[in-house]
There are 2 protein chains.
Amino acid sequence: MSAIHEEERLDQMSNTLKLLGDKTRLTIMKLVDEQECCVCELVEIFKASQPSISQHLRKLKDAGLVKENRKGQWIFYSVNPDSKQNELIRSLLSSLPSQVYKIEELEKKGLRISCG
Amino acid sequence: MSAIHEEERLDQMSNTLKLLGDKTRLTIMKLVDEQECCVCELVEIFKASQPSISQHLRKLKDAGLVKENRKGQWIFYSVNPDSKQNELIRSLLSSLPSQVYKIEELEKKGLRISCG
DNA sequence: TGCGTATATAAGCATATGCTTATATAATGA
DNA sequence: TCATTATATAAGCATATGCTTATATACGCA
């Protein structure tokens with residue numbers, strides 16, 4: 001209703017879109033929406049450095065878009081279903097092609113982390 | 001199906017989201033989706049400089065997201081319904097609050113351009 | 001406790017981005 | 001044709017962004 005809220009909505013959406021306007025982060029989101037992944041798996045999948053992936057995840061986490069789940073020495077990331085932007089996220093990710101095959105490739109190489 | 005197309009889709013979407021990850025451009029898109037606007041109107045609405053608005057419009061046009069419609073000395077911009085990203089654009093804009101009130105404010109100030 | 005693995009953070013750097021000012025181009029109307 | 005208005009483009013600059021390398025922190029296990 002009020003212009004105040006309208007401004008907020010525009011701010012929120014543009015901030016979220018800016019975050020997802022990076023191919024690596026957008027793909028991470030799609031991937032961890034389908035299957036929670038730990039950092040080292042993402043490093044392998046994206047052929048990126050560990051700090052680079054870690055920094056992307058930090059931005060996504062700071063925005064509340066992903067959540068962590070520590071399992072021993074690994075930290076698994078997944079899409080945060082309680083995010084304020086969840087509707088938007090759902091809509092965006094639903095129109096992207098599945099990235100599960102990337103995880104399956106990992107598995108074939110024996111690089112998939114599986115712990116309890 | 002193919003990983004090639006999947007990569008393309010991710011590229012396309014992340015590029016589009018990056019463009020709309022700017023509050024000014026996102027708002028311009030919502031605005032000109034509801035009512036075509038010329039540059040000088042946008043300058044007034046956003047309290048921005050003419051070159052700044054012009055440069056934002058250039059980016060949107062280069063990406064095929066908006067189209068031009070010259071009327072005399074003015075160039076009116078509107079959302080391009082034939083954009084490759086039209087579905088995505090429709091989805092995003094539909095969840096944003098109407099910006100028509102900004103045009104109405106212009107009208108009150110007598111700054112609305114109307115040329116039939 | 002100490003070592004190896006996983007992850008996060010800090011600092012530095014090159015490039016991208018969005019603004020500014022200045023100028024060019026295009027259209028209107030006297 | 002000339003002045004005015006609208007718009008686009010170019011160049012320069014400050015800040016943002018995403019990577020790198022180096023280092024810190026956290027956990028598991030011997």
Side-chain angles (χ1 to χ4, degrees), chain A residues 10-11 14-29 31-32 36-63 65-78 106 110-116, chain B residues 10-11 14-29 31-32 36-63 65-78 106 110-116:
Chain A
L10 282 160
D11 266 324
S14 59
N15 286 336
T16 303
L17 297 186
K18 178 178 288 184
L19 268 177
L20 301 187
D22 175 280
K23 192 184 174 186
T24 302
R25 283 194 294 267
L26 183 62
T27 312
I28 287 177
M29 285 295 285
L31 202 50
V32 305
E36 66 173 13
C37 293
C38 68
V39 179
C40 61
E41 289 172 329
L42 296 172
V43 166
E44 176 65 24
I45 288 172
F46 289 96
K47 307 295 181 202
S49 72
Q50 178 267 316
S52 174
I53 295 295
S54 212
Q55 284 157 14
H56 283 305
L57 289 168
R58 177 75 139 83
K59 291 189 180 189
L60 294 173
K61 198 186 68 172
D62 284 352
L65 300 184
V66 299
K67 58 175 186 171
E68 299 176 343
N69 177 21
R70 183 178 274 279
K71 294 183 185 176
Q73 56 190 148
W74 297 283
I75 300 176
F76 286 78
Y77 284 86
S78 57
L106 259 201
L111 295 172
R112 180 91 173 111
I113 306 295
S114 41
C115 58
Chain B
L10 283 160
D11 267 324
S14 60
N15 286 336
T16 303
L17 297 186
K18 177 178 288 183
L19 268 176
L20 300 187
D22 176 279
K23 191 183 174 185
T24 302
R25 282 193 296 267
L26 183 62
T27 312
I28 287 177
M29 284 295 285
L31 202 50
V32 304
E36 66 173 15
C37 292
C38 68
V39 180
C40 61
E41 289 172 329
L42 296 172
V43 165
E44 176 65 23
I45 287 172
F46 290 97
K47 306 294 182 202
S49 72
Q50 180 268 318
S52 174
I53 295 295
S54 211
Q55 285 157 14
H56 282 306
L57 289 169
R58 178 76 141 82
K59 291 189 180 189
L60 294 173
K61 199 186 66 171
D62 284 351
L65 300 184
V66 299
K67 58 174 186 175
E68 299 175 343
N69 178 21
R70 183 179 275 278
K71 294 182 185 175
Q73 55 190 150
W74 298 282
I75 300 177
F76 285 78
Y77 284 87
S78 57
L106 260 200
L111 295 171
R112 179 94 173 109
I113 306 295
S114 40
C115 55

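Among the atoms of the strands shown, only primed sugar atoms or phosphate atoms (P, OP1, OP2) are found under 4.0 Å from some heavy atom of B/Lys59. Counting any heavy atom pair closer than 4.0 Å across all strands shown, B/Lys61 reaches no nucleic acid atom.
At most 12 heavy atoms of other shown residues, nucleotides or ligands fall within 6.0 angstrom of atom NZ in A/Lys67.
Between A/Cys38 and A/Lys18, it is A/Cys38 whose nearest contact on DNA chain C lies nearer the 5' terminus. Where A/Thr24 and A/Gln73 each meet DNA chain D at their nearest nucleotide, the meeting point lying more 5' is that of A/Thr24. Nearest-nucleotide positions on DNA chain D place A/Asp22 closer to the 5' end than the other of A/Asp22 and A/Pro51. DNA chain C is contacted by both B/Gln55 and A/Cys40; A/Cys40 maps to the nucleotide lying nearer its 5′ end (nearest heavy atom per residue).
Counting to the nearest Å, the P atom of D/dA6 and the CZ atom of B/Phe76 are 11 Å from each other.
Using a distance-only test at 3.5 Å, with no hydrogens or angles considered, a donor-acceptor pair links the side chain of B/Glu41 to the main chain of B/Cys38. Of the possible donor and acceptor atoms, one in the side chain of A/Arg70 sits under 3.5 Å from a partner among the backbone N and O of A/Gly72.
Applying the side-chain hydrogen bond (donor to acceptor under 3.5 Å, both in side chains) criterion to B/Lys18, with sequence neighbours excluded, gives no partner residue.
Shown here for A/Ala63 and A/Leu19, the closest heavy-atom pair between the two residues is CB-CD1, 3.3 Å.
For DNA chain C, the contact window with chain B, defined by any atom under 4.0 Å from a protein heavy atom, covers C/dT17 to C/dT28 in 5' to 3' order.
Checking B/Leu106, B/Thr27, B/Leu31 one by one against B/Leu42, the side-chain contact (heavy atoms from CB on, under 4.5 Å) holds for a single residue, B/Leu31.
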